[in-house]
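Here the structure is laid out as structure tokens; the discussion comes afterwards.
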Number of protein chains: 2
Amino acid sequence: MSKIETRDLVLKVAQEFVQTRGFNAFSFRDVAERVGIKTASIHYYFPTKAELGRALVAQHREHVGAALAAIDAEEHDPRRKLARYVYVFKSTLEVGNRMCLCGMLAADFSTLDQMIVDELRRSFEDHEAWLTRVLEAGMESGAFTLSRSAKDEARLLISSLEGAMLIARSFEDINRFEECVRSLLGRLIPVSGDQINQSHN
Amino acid sequence: MSKIETRDLVLKVAQEFVQTRGFNAFSFRDVAERVGIKTASIHYYFPTKAELGRALVAQHREHVGAALAAIDAEEHDPRRKLARYVYVFKSTLEVGNRMCLCGMLAADFSTLDQMIVDELRRSFEDHEAWLTRVLEAGMESGAFTLSRSAKDEARLLISSLEGAMLIARSFEDINRFEECVRSLLGRLIPVSGDQINQSHN
DNA sequence: GTCTATAAGATGATAGAC
DNA sequence: GTCTATCATCTTATAGAC
């Protein structure tokens with residue numbers, strides 16, 4: 001087997017460290033030990049830690065792009081698309097209580113090289129563009145009731161999901177995330193006939 | 001003047017570093033240089049970095065508690081209380097593009113000593129309790145329209161504000177935060193409601 | 001491609017002088 | 001209280017052997 005796999009393994013392990021510890025709380029040594037190589041070998045693939053970070057976000061953008069394309073291909077109902085989208089975040093929490101890669105890097109923002117920041121922003125914009133399209137389609141079909149522009153709703157949704165992950169993670173309580181999701185989705189989806197009041201408790 | 005001030009200055013500088021760089025991306029040396037002392041002096045007040053972190057969150061809880069008490073004392077309208085609360089987050093972004101202390105520590109969660117995590121969770125619970133009371137009062141007075149329990153709304157609001165800060169900060173664009181705030185408050189305030197909306201600039 | 005060896009500096013922390 | 005001096009360890013990164 002070619003050793004090209006090493007590069008992928010380094011990326012995989014590094015991504016897990018970023019998502020659980022943050023970009024500044026893991027070292028080449030941590031990655032090397034988990035991969036079973038020496039730190040010098042990591043530098044062979046990624047000259048600097050910043051380059052590793054950039055590659056990490058670039059790869060992540062590709063993966064997310066493919067995942068969103070798969071959702072588009074498999075689902076037609078905007079509500080189902082949205083549910084699948086939210087599940088991506090939920091499953092990240094489920095596997096090792098990880099934070100979203102981009103959310104974590106957003107926290108590390110001020111310590112990151114510009115090239116990582118650029119890639120990070122593009123990643124957020126990818127999410128925003130996809131979600132905006134889904135919300136617009138849902139608005140036109142009557143699946144969603146938006147009180148603001150689809151773009152604004154998309155941004156709020158992303159922000160809320162990131163924040164919900166961040167806090168639920170710190171409580172090690174995925175229920176906190178799911179509660180937020182229910183509230184978020186409940187506000188978008190018009191109630192067919194009954195309730196929608198404010199006088200319960 | 002007693003040198004008790006040094007301790008406060010260390011806390012102030014350390015807090016700024018945590019809010020801008022994260023708990024693992026600043027050192028005793030960074031703090032010492034900014035305060036104008038040596039690292040050994042920091043260890044005199046805070047034996048370990050973990051103890052410094054715990055003191056940071058404990059002090060922050062006190063400050064927030066005082067700020068929320070001041071809002072309660074000065075404002076009666078739940079909508080105005082909420083607006084003042086949101087402004088606390090906004091002003092944090094305005095001063096040096098800082099992240100909320102607790103939000104940043106939530107990102108560093110897995111690398112923090114248990115005593116910091118405990119203090120962090122209590123801090124979130126402080127926010128949650130206060131917000132829940134404000135939302136309940138607003139619900140009873142008709143100032144707010146809630147689609148879920150006040151507690152759930154409070155949690156969603158906190159999560160959304162944290163996420164909105166996180167992302168707006170990574171874009172160095174406070175408008176992104178304000179857009180989210182408008183959407184969040186707009187959803188709580190019934191259309192029939194008069195003023196209070198947003199301080200349109 | 002992966003290793004050993006090494007550099008040059010940073011890090012949290014401690015002992016003891018003043 | 002604050003300092004100097006020092007520690008053991010970690011960190012990113014490079015040079016060169018295999």
Side-chain angles (χ1 to χ4, degrees), chain A residues 1-18 20-57 59 104-105 108-117 119, chain B residues 1-18 20-57 59 104-105 108-117 119:
Chain A
M1 304 285 272
S2 160
K3 296 307 176 63
I4 296 176
E5 296 167 348
T6 300
R7 197 189 118 103
D8 292 336
L9 197 47
V10 167
L11 282 173
K12 184 188 169 195
V13 171
Q15 179 173 345
E16 183 179 334
F17 275 124
V18 172
T20 52
R21 305 175 58 86
F23 193 75
N24 299 297
F26 81 97
S27 66
F28 275 58
R29 196 186 180 187
D30 295 323
V31 176
E33 283 177 0
R34 278 270 282 276
V35 174
I37 55 177
K38 299 296 175 180
T39 63
S41 299
I42 301 178
H43 283 285
Y44 170 77
Y45 297 102
F46 309 100
T48 65
K49 194 179 182 184
E51 177 53 34
L52 171 60
R54 194 207 57 76
L56 226 41
V57 187
Q59 186 201 50
M104 187 63 95
L105 290 176
D108 297 324
F109 154 74
S110 74
T111 70
L112 303 177
D113 274 39
Q114 189 59 43
M115 64 182 178
I116 304 182
V117 172
E119 200 72 34
Chain B
M1 302 288 275
S2 159
K3 296 308 176 59
I4 295 175
E5 295 167 348
T6 299
R7 198 189 117 102
D8 292 336
L9 198 47
V10 166
L11 282 173
K12 184 188 169 194
V13 170
Q15 179 174 345
E16 183 180 333
F17 275 123
V18 172
T20 52
R21 304 176 58 87
F23 193 75
N24 299 298
F26 80 98
S27 67
F28 274 57
R29 196 186 180 189
D30 295 325
V31 176
E33 284 177 359
R34 278 270 281 275
V35 174
I37 55 177
K38 299 296 174 180
T39 62
S41 298
I42 301 178
H43 282 284
Y44 170 77
Y45 296 102
F46 308 100
T48 66
K49 195 179 182 185
E51 177 52 36
L52 171 59
R54 194 207 57 76
L56 226 41
V57 187
Q59 186 201 49
M104 185 63 94
L105 290 175
D108 297 325
F109 155 74
S110 75
T111 70
L112 303 177
D113 273 40
Q114 189 61 43
M115 63 180 178
I116 304 183
V117 172
E119 201 71 34

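Just so we're clear, the structure is a prediction, and the values are computed from it rather than from any experiment.
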request  = Just report the end-to-end axis angle for the helix from dG1(C)-dC18(D) to dC18(C)-dG1(D), five pairs per end, to 10 degrees.
outcome  = 10°
query = Using a heavy-atom distance cut-off of less than 4.0 Å, which residues of residues 20-27 of chain A contact DNA chain D?
reply = Phe26(A), Ser27(A)
note = Tyr45(B) OH to dA13(C) C1', in whole Å, measures 18 Å
key: Residues in side chain to side chain donor-acceptor pair (under 3.5 Å) contact with Gln15(B), at least two apart in sequence or another chain   = Gln19(B)
Side chain of Ser41(B) - closest among dT2(D), dT2(C), dT11(C) = dT2(D)
remark   = With sequence neighbours left out, the residues meeting ring pair (Phe, Tyr, Trp, His ring centres under 6.0 Å) with Phe17(A) are Phe26(A)
key: Whole angstrom value for the distance that separates P of dT14(C) from CZ of Arg29(B)   = 19 Å
task = Check whether any side-chain heavy atom of Ile116(B) lies under 4.5 Å from a side-chain heavy atom of Phe23(B), and answer yes or no.
result = yes
request  = Report the distance from atom CZ of Arg7(A) to atom C1' of dT2(C), rounded to the nearest whole Å.
outcome  = 17 Å
key: Atom-pair distance (CD on Glu51(A); C1' on dT12(D)), nearest Å   = 15 Å
query = For Phe28(B), which residues count as a ring pair (Phe, Tyr, Trp, His ring centres under 6.0 Å) partner, sequence neighbours excluded?
reply = His43(B)
inquiry  = For Asp8(A), give me all partners under side chain to side chain donor-acceptor pair (under 3.5 Å), at least two apart in sequence or on another chain.
reply    = none
ask   = Between Lys38(B) (NZ) and dT4(D) (P), how many Å, whole number?
value = 5 Å
inquiry  = Rounded at 0.5 Å granularity, tell me how far CG in Leu11(A) sits from CZ in Phe46(A).
reply    = 3.5 Å
query = With sequence neighbours left out, what residues match Ser27(A) under side chain to side chain donor-acceptor pair (under 3.5 Å)?
reply = Asp30(A)
key: Residue pairs passing the salt bridge (Lys or Arg N to Asp or Glu O under 4.0 Å) test where at least one lies in residues 47-56 of chain B, sequence neighbours excluded   = Glu51(B)-Arg54(B)
message = For a quick check, with a 4.0 angstrom heavy-atom cut-off, what is the B/S/- contact string for nucleotides 13-18 of chain D, read 5' to 3'?
response = BB----
query = When the distance from CZ of Phe17(B) to P of dT11(C) is rounded to whole Å, what number comes out?
reply = 10 Å
query = For residues 31-42 of chain B, which residue pairs qualify under side-chain hydrogen bond (donor to acceptor under 3.5 Å, both in side chains), counting only residues two or more places apart or in two chains?
reply = Glu16(B)-Arg34(B)
task = Calculate the interatomic distance between Tyr44(A) atom OH and dT2(C) atom P; express it in whole Å.
result = 8 Å
query = Going by the salt bridge (Lys or Arg N to Asp or Glu O under 4.0 Å) test, which pairs reach into residues 39-48 of chain B, not counting sequence neighbours?
reply = none
task = Could you tell me which residues satisfy side chain to side chain donor-acceptor pair (under 3.5 Å) with Arg21(B), sequence neighbours excluded, listed by chain and number?
result = none
